[in-house]
Amino acid sequence: MEKRAGSTVVEAIGSHAVHISQPAAVADLIRQAAT
């Protein structure tokens, strides 16, 4: 589905609550997406 939408998929190692277990990785991904 991501190919049809023209999306880029990025994976971060962690549980389903990756924003709790890897907050720095999530923040970096958000920064990359915003630029």
Side-chain angles (χ1 to χ4, degrees):
M1 288 173 77
E2 71 274 359
K3 288 182 183 179
R4 287 189 353 203
S7 301
T8 301
V9 176
V10 179
E11 295 183 7
I13 297 172
S15 68
H16 67 278
V18 71
H19 61 286
I20 302 290
S21 62
Q22 298 288 332
V26 173
D28 288 341
L29 293 173
I30 293 170
R31 284 188 200 99
Q32 288 177 14
T35 59

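Just so it is clear, the structure is predicted and the values come from calculations on it, not from any experiment.
Among residue pairs with one or both ends in residues 16-27, none qualify as salt bridge (charged side-chain N to carboxylate O under 4.0 Å, His left out); sequence neighbours excluded. The list of salt bridge (charged side-chain N to carboxylate O under 4.0 Å, His left out) pairs with a residue in residues 7-21, not counting sequence neighbours, is empty.
Every side chain to side chain donor-acceptor pair (under 3.5 Å) that Arg31 has, sequence neighbours left out, goes to Asp28. Val18 pairs by the side-chain contact (heavy atoms from CB on, under 4.5 Å) definition with Ala12, Ser21, Gln22, Val26, not counting sequence neighbours. Partners of Ala5 by side-chain contact (heavy atoms from CB on, under 4.5 Å), not counting sequence neighbours, listed by chain and number: Ser7.
Atoms OG1 and NZ, from Thr8 and Lys3 in turn, are 11.5 Å apart once rounded to the nearest 0.5 Å.
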